[in-house]
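Let me begin by presenting the structure, written as structure tokens, before commenting on it.
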Amino acid sequence: MSILVVGSVAFDTVETPFGRAERVLGGSASFFSVAASFFAPVRLVAVVGSDFGDAQLKAFRGRDIDLTGLERADGPSFHWEGRYSYDLNSRDTIRTDLNVFESFAPKIPASYRDSEHVFLGNIHPKLQREVLDQVDRPRLVACDTMNFWISGAPEELRATLARVDILLINDGEARELSGEWNLVKAARAIRAMGPRALVVKKGEHGVLMFSEDGSFAAPAFPLEDVFDPTGAGDTFAGGFMGFLASRRSADDATLRRAVVMGSTLASFCVEAFSLDRLLRLTRTEIDERYGLFKRLTHFEPL
Ligand code: AMP
């Protein structure tokens with residue numbers, strides 16, 4: 001079953017304690033699409049500028065990623081620059097040049113309208129709703145957002161959340177959105193806004209999911225070499241949604257496996273700059289690491 005994703009396709013300039021990458025491929029929809037395409041066909045909706053060429057598009061080619069909805073506009077592509085602290089837990093945004101992304105109004109190609117799974121990447125909540133208005137009857141809608149929209153467009157965001165099944169955000173965003181410091185209380189408040197499940201990403205501390213059946217926790221995979229965390233959240237979302245799209249049901253047991261699959265994909269993303277590791281990844285490596293997750297978290301009952 002196909003997944004429609006809307007989000008950014010960008011050039012990123014990233015500095016970590018281990019090196020610097022200049023104008024490499026980035027953007028939420030890029031990380032999401034490549035991760036999700038291991039499990040299900042992906043339909044991409046985004047905008048790039050005239051500086052975005054074949055070299056960048058190569059990342060998507062040869063995978064099950066439909067580029068009909070990738071719009072080309074005159075002008076430079078979206079460019080984001082960030083710098084990470086020594087422990088990689090915090091980052092400063094040095095600059096965000098929206099460029100062609102500033103006037104992005106997602107147009108959904110007719111061939112995408114029957115998409116059963118939709119992932120609304122982090123764009124203005126009004127645009128997220130406009131995407132939903134252009135698809136027929138999705139079975140599952142998941143959504144990302146950020147502090148900028150939580151504080152800057154709260155009403156619009158509420159209207160979008162009312163139409164979303166699963167919200168994926170980080171712990172700081174969950175606290176800000178709900179006005180609750182405690183994440184259990186935050187989850188209850190957010191689920192009352194619409195989403196039946198909330199997935200809270202906590203970086204190197206893993207993920208917490210809250211759903212009808214209670215809560216579920218998955219650690220981040222313990223890695224010896226973490227190189228660049230950029231895109232880990234979007235890669236998580238790609239693995240999570242890709243797995244769900246490959247299954248008939250989205251019951252609690254399936255959601256739990258999707259969380260572990262998301263964590264598995266994200267653990268590869270951080271091993272190199274940009275999408276470098278994801279582009280070299282194989283299905284066998286994914287399945288092996290998913291198995292290691294099982295061992296990592298397994299213990300016998302008393
Ligand atoms: P993450 O590390 O999961 O937060 O994702 C980082 C990616 O998001 C980078 O590749 C950026 O190009 C992209 N990004 C950064 N800021 C924005 C923004 N305001 N809107 C859309 N995408 C963004």
Side-chain angles (χ1 to χ4, degrees), residues 5-16 21-36 44-49 51-52 56 59-60 76-85 88-106 119-128 131 142-153 157 167-173 199-204 207 220 226-241 262-263 265-279:
V5 53
V6 58
S8 56
V9 171
F11 285 114
D12 285 352
T13 295
V14 179
E15 199 175 313
T16 77
E22 201 85 45
R23 288 182 67 78
V24 289
L25 178 63
S28 58
S30 306
F31 287 102
F32 180 98
S33 300
V34 171
L44 179 65
V45 179
V47 63
V48 290
D51 51 3
F52 203 87
Q56 288 77 33
F60 305 122
S77 302
F78 179 66
H79 176 226
W80 174 80
E81 182 171 349
R83 186 187 297 142
Y84 288 84
S85 64
L88 296 174
N89 276 332
S90 60
R91 77 174 173 211
D92 291 321
T93 290
I94 309 294
R95 57 195 287 190
T96 302
D97 301 323
L98 290 174
N99 298 329
V100 296
F101 199 53
E102 189 157 16
S103 48
F104 178 48
F119 181 69
L120 304 169
N122 172 24
I123 56 174
H124 194 298
K126 185 161 174 287
L127 296 181
Q128 291 178 320
V131 171
C143 173
D144 183 13
T145 191
M146 68 189 291
N147 301 39
F148 187 70
W149 307 122
I150 294 171
S151 58
L157 182 59
L167 178 67
L168 300 103
I169 47 179
N170 69 36
D171 46 350
E173 291 158 351
V199 177
V200 181
K201 298 170 286 181
K202 287 151 53 88
E204 68 165 339
V207 174
V226 178
F227 199 76
D228 172 17
T230 307
D234 308 306
T235 304
F236 172 92
F240 177 84
M241 282 296 275
S263 306
L265 270 290
S267 75
F268 286 109
C269 170
V270 303
E271 288 181 343
F273 274 129
S274 181
L275 282 85
D276 292 0
R277 183 66 179 97
L278 294 180
L279 295 176

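Counting starts at 1 for both ligands and their atoms, following the listed order. Values in this document were obtained by computation on a predicted structure and should not be read as measured data.
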| atom 11 (C) of ligand 1 [closest protein heavy-atom partner, distance rounded to 0.1 Å] |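 Looking only at protein heavy atoms, the one closest to atom 11 (C) of ligand 1 is Asp12 OD1, 3.4 Å.
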| note | atom 22 (N) of ligand 1 sits nearest the protein heavy atom Ser8 OG, 2.8 Å
| query | For Ser28 and Asn122, what are the C-alpha separation, side-chain angles and deciding distance, and is it a side chain to side chain donor-acceptor pair (under 3.5 Å)? | reply | CA-CA 8 Å; Ser28 58; Asn122 172 24; over 6 Å; no
Need the ligand 1 atom indices (1-based, order shown) with element for anything under 4.0 Å from a heavy-atom of [X].
X	answer
Ala10	12 (O)
Gly26	10 (O)
Phe31	10 (O)
Gly233	3 (O)
Asn122	20 (N), 21 (C)

| remark: Quick look: Glu81 vs ligand 1, heavy-atom contacts under 4.0 Å, and the answer is neither
| said: Below 4.0 Å, non-hydrogen atoms only: which portion of Asp234 touches ligand 1? Side chain, backbone, both or neither. | reply: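 It is both parts that get close, each with some atom under 4.0 Å.
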| said: Please check whether Thr96 reaches ligand 1 - meaning an N/O of the residue sits under 3.5 Å from an N/O of the ligand, judged on distance alone. | reply: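 In fact, backbone or side chain, Thr96 has no N or O that close.
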| Backbone or side-chain N or O of Gly27 under 3.5 Å from ligand 1 N or O | yes
Backbone of [Y] reached by a side-chain donor or acceptor of [X] within 3.5 Å:
X	Y	value
Ser77	Gly49	yes
Asn170	Gly172	yes
Ser263	Ala220	no

| Sidechain N-carboxylate O distance under 4.0 Å for Asp234, Lys201 | no
[X]: heavy atom below 4.0 Å from ligand 1, yes or no?
X	result
Phe101	yes
Phe148	no
His79	no

| task | Sequence neighbours left out, what passes side chain to side chain contact (heavy atoms under 4.5 Å, CB included) with Ser151? Give chain and number order. | result | Glu176
| Aromatic plane relationship, His124 with Trp149 - under 30° parallel, 30 to 60° tilted, over 60° perpendicular | tilted
| query | Just how far is it from atom OG1 of Thr13 to atom CZ of Arg95, taken to the nearest 0.5 Å? | reply | 8.0 Å
| request: Drop me the distance from Thr93's OG1 to Arg83's CZ, to the nearest 0.5 angstrom. | output: 11.0 Å
| said: Quick test of your reading of the structure: of Phe32, Trp149, Phe78, whose heavy atom lies closest to atom 23 (C) of ligand 1? | reply: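 Minimum heavy-atom distance to atom 23 (C) of ligand 1 goes to Phe78.
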